[in-house]
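See below for the structure under consideration.
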There are 2 protein chains.
Amino acid sequence: MPRVSEDHLIARREQILVAARTCFLRNGLHNTTMQDLIAEAGLSVGAVYRYFKSKNEIINAIAESVAGGITALLQEVSTREPAPPLVEALSEVFDAINVQVGENGNFPLAVQVWGEATLDPAIREIVRHRYQGMREAYVTLARRAVERGELAPDTDVEAAASVLFGLIPGFALQRLFLGHPDKDTYLRGVRALLNPG
Amino acid sequence: MPRVSEDHLIARREQILVAARTCFLRNGLHNTTMQDLIAEAGLSVGAVYRYFKSKNEIINAIAESVAGGITALLQEVSTREPAPPLVEALSEVFDAINVQVGENGNFPLAVQVWGEATLDPAIREIVRHRYQGMREAYVTLARRAVERGELAPDTDVEAAASVLFGLIPGFALQRLFLGHPDKDTYLRGVRALLNPG
DNA sequence: CAGTGTAAAACGAACGCTCGTTCTTGACAC
DNA sequence: GTGTCAAGAACGAGCGTTCGTTTTACACTG
């Protein structure tokens with residue numbers, strides 16, 4: 001199909017990325033061959049190489065998109081009016097994390113991307129940027145919690161944000177590798193520490 | 001050297017694993033070839049295959065050992081007499097994490113192993129087991145904090161342990177990808193949340 | 001102690017295979 | 001015609017692993 005609409009081009013790209021995600025999730029970034037990915041997309045070798053000039057370019061595109069959903073949620077929750085209580089905000093985020101850890105979720109793929117980020121500077125930069133964005137949402141969350149008196153007025157907002165943000169991968173990894181705790185238990189733990197003896 | 005001491009055999013195995021660790025840290029689990037690893041060890045192909053029957057077996061051995069130091073520290077701290085205050089115990093653990101995140105530390109390798117664990121059941125089981133062991137140390141830590149009144153008597157110990165444990169990968173990943181916060185800042189954040197407004 | 005046999009240990013060339021990528025060919029819309 | 005896009009056979013590089021050969025340490029013999 002020559003001389004094709006721009007929409008078609010974008011759709012093809014998306015089709016390839018969807019197939020890539022499926023394959024990477026099933027077999028990993030490295031064990032997935034271009035043949036696998038091409039078969040999954042239902043395209044030919046030539047077609048795929050028209051839209052991405054290498055496997056690495058596909059991996060980068062996946063790395064860019066893998067945390068998109070969570071990032072968007074964080075930005076929404078952290079700027080919502082009126083600001084939800086801290087524990088309520090965390091609860092919503094944990095719900096989203098649970099989905100990503102579960103069947104067909106993106107979290108296992110994100111873990112693979114982290115591994116790649118320890119080696120490849122381009123992917124490292126992508127991950128750093130995403131991580132930065134997520135953390136900034138937590139700074140907003142913490143700042144507003146101080147403003148409305150949920151946290152002490154002299155709280156170091158940056159420090160508190162780091163800890164709150166740190167709870168997320170801590171939760172996700174336990175879910176992924178141990179299968180527990182569930183969200184409510186984890187939140188109970190957070191509350192317990194927020195109100196120590 | 002034929003008919004050689006048992007020490008010699010163990011030392012050779014160790015020599016191969018040290019070389020593997022170096023290579024995996026430098027180029028990753030998948031981009032490291034047997035040739036790389038063999039050259040790093042200063043041995044021959046045949047020699048390495050005498051001690052490990054496949055590359056996968058070497059990866060498994062590395063996965064087994066990668067978190068050994070942190071696990072040992074956690075076990076020591078959580079059973080130490082007299083029990084250190086919670087924040088003090090966390091501080092020691094964060095110091096150890098900092099070392100592992102830094103130059104030549106094991107944490108980047110651990111992240112790669114996590115990625116592999118999402119695909120390979122054998123490695124997943126190794127990671128699960130290690131994760132379990134670490135979490136148990138935190139259960140002990142939390143239980144003793146309740147006993148001595150540092151946490152409320154009605155605290156859900158399991159839940160609190162999950163959260164405290166979750167702080168560790170949360171801290172390590174931020175250090176790895178963002179380069180901050182430092183230990184003292186993170187601890188300040190923990191204290192701030194432990195004593196909310 | 002010298003000589004010899006033996007089996008463990010190490011060696012490394014070679015193999016079979018799979019990979020990511022290129023490139024020639026042809027089909028179709030305009 | 002002409003330009004765009006897709007197809008898939010073909011390619012060369014490089015992989016993990018095997019295996020026939022060589023080296024070495026030691027036991028045993030006289």
Side-chain angles (χ1 to χ4, degrees), chain A residues 1-24 26-63 112-113 115-116 119-120 122-123, chain B residues 1-24 26-63 112-113 115-116 119-120 122-123:
Chain A
M1 283 179 253
R3 268 172 250 211
V4 106
S5 72
E6 184 140 346
D7 281 1
H8 176 84
L9 298 182
I10 294 171
R12 270 277 197 272
R13 237 186 104 92
E14 199 54 35
Q15 177 183 3
I16 293 168
L17 288 177
V18 167
R21 202 194 81 102
T22 302
C23 290
F24 290 161
R26 186 166 51 214
N27 289 330
L29 264 24
H30 290 280
N31 300 324
T32 294
T33 70
M34 286 300 277
Q35 299 301 331
D36 293 344
L37 189 160
I38 286 159
E40 180 72 31
L43 293 174
S44 68
V45 180
V48 168
Y49 273 90
R50 179 166 304 280
Y51 295 93
F52 295 92
K53 75 178 209 293
S54 70
K55 183 180 180 182
N56 213 47
E57 203 170 290
I58 296 178
I59 292 178
N60 280 36
I62 291 287
Q112 300 218 28
V113 170
E116 210 56 26
L119 306 166
D120 178 332
I123 294 193
Chain B
M1 279 183 255
R3 272 174 243 207
V4 104
S5 72
E6 183 140 347
D7 281 1
H8 175 85
L9 298 182
I10 293 172
R12 269 280 195 269
R13 235 186 107 91
E14 200 54 35
Q15 176 184 3
I16 293 167
L17 288 177
V18 166
R21 202 193 80 103
T22 302
C23 290
F24 290 161
R26 186 166 50 212
N27 290 119
L29 264 25
H30 291 279
N31 300 324
T32 294
T33 69
M34 286 302 275
Q35 299 301 331
D36 293 344
L37 189 160
I38 286 159
E40 179 72 32
L43 294 173
S44 69
V45 180
V48 169
Y49 273 90
R50 176 165 305 280
Y51 294 93
F52 294 93
K53 77 177 207 295
S54 70
K55 183 181 178 181
N56 212 48
E57 203 171 288
I58 296 177
I59 292 177
N60 280 35
I62 290 287
Q112 300 216 29
V113 170
E116 210 56 25
L119 307 166
D120 179 333
I123 294 193

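Naming: A, B, ... by sequence-line order, numbering from 1 per chain. The basis for the numbers below is simple: all heavy atoms, side chains too, and nothing from hydrogens, waters or symmetry mates.
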Here the residues of residues 53-61 of chain B within 4.0 Å heavy-atom distance, strictly under, of DNA chain D are B/S54, B/K55

Whole-Å distance, B/N31 CG to C/dG20 P, equals 12 Å

TODO: Considering just the side-chain nitrogens and oxygens of A/R50, establish if one lies under 4.0 Å of OP1 or OP2 belonging to D/dT4.
DONE: no

B/E14 meets the salt bridge (Lys or Arg N to Asp or Glu O under 4.0 Å) criterion, sequence neighbours left out, with none

So salt bridge (charged side-chain N to carboxylate O under 4.0 Å, His left out) across residues 41-52 of chain A, not counting sequence neighbours, yields none

Close N or O pairs between protein and nucleotides 12-16 of chain C (under 3.5 Å):
from   : atom 1 : to    : atom 2 : distance (Å)
C/dG12 : N7     : B/G46 : N      : 3.4
C/dG12 : O6     : B/G46 : N      : 3.2

From CZ of A/F52 across to P of C/dT22 the rounded distance in Å is 16 Å

A/I38 atom CD1 is separated from C/dC19 atom P, nearest whole Å, by 11 Å

When rounded to whole Å, the OH to P distance for the pair B/Y51 and C/dA8 reads 13 Å

Quiz item: Does B/L29 offer a backbone N or O that forms a donor-acceptor pair with the side chain of B/K55 under 3.5 Å?
Solution: yes

All heavy atoms of A/I62 vs all of A/L17, minimum pair found to be CD1-O, 3.6 Å

Separation between CZ (B/R13) and CD1 (B/I58), nearest 0.5 Å, reads 9.0 Å

To the nearest angstrom, the NE2-C1' distance between A/H30 and D/dG14 comes to 16 Å

note: A/M34, atom CE; D/dG8, atom C1'; distance rounded to Å ~ 14 Å

Taken to the nearest whole Å, OH/A/Y49 to C1'/D/dG8 is 13 Å

Give a yes/no answer on whether the side chain of B/R12 brings an N or O atom under 4.0 Å of OP1 or OP2 in C/dA10.
yes

Go through the steps to decide whether B/N27 and A/L119 satisfy the test side chain to side chain contact (heavy atoms under 4.5 Å, CB included), and finish with yes or no. CA-CA 6 Å; B/N27 290 119; A/L119 306 166; 5.6 Å; no

Under 4.5 Å between any side-chain heavy atoms of B/F24 and B/L37, yes or no? yes

Item checked: Verdict with reasoning, B/I59 to B/D120, per side chain to side chain contact (heavy atoms under 4.5 Å, CB included) -> CA-CA 11 Å; B/I59 292 177; B/D120 179 333; over 6 Å; no

So salt bridge (charged side-chain N to carboxylate O under 4.0 Å, His left out) across residues 32-41 of chain A, not counting sequence neighbours, yields A/R26-A/E40

To the nearest 10 degrees, the angle between the two end axes of the helix from C/dC1-D/dG30 to C/dC30-D/dG1 (five pairs per end) comes to 10°

Interatomic distance, CD1@A/I38 vs OG1@A/T33, rounded to 0.5 Å, equals 7.5 Å

Quiz item: Do A/H30 and A/Q112 get their side chains close enough for a donor-acceptor pair, meaning under 3.5 Å?
Solution: no

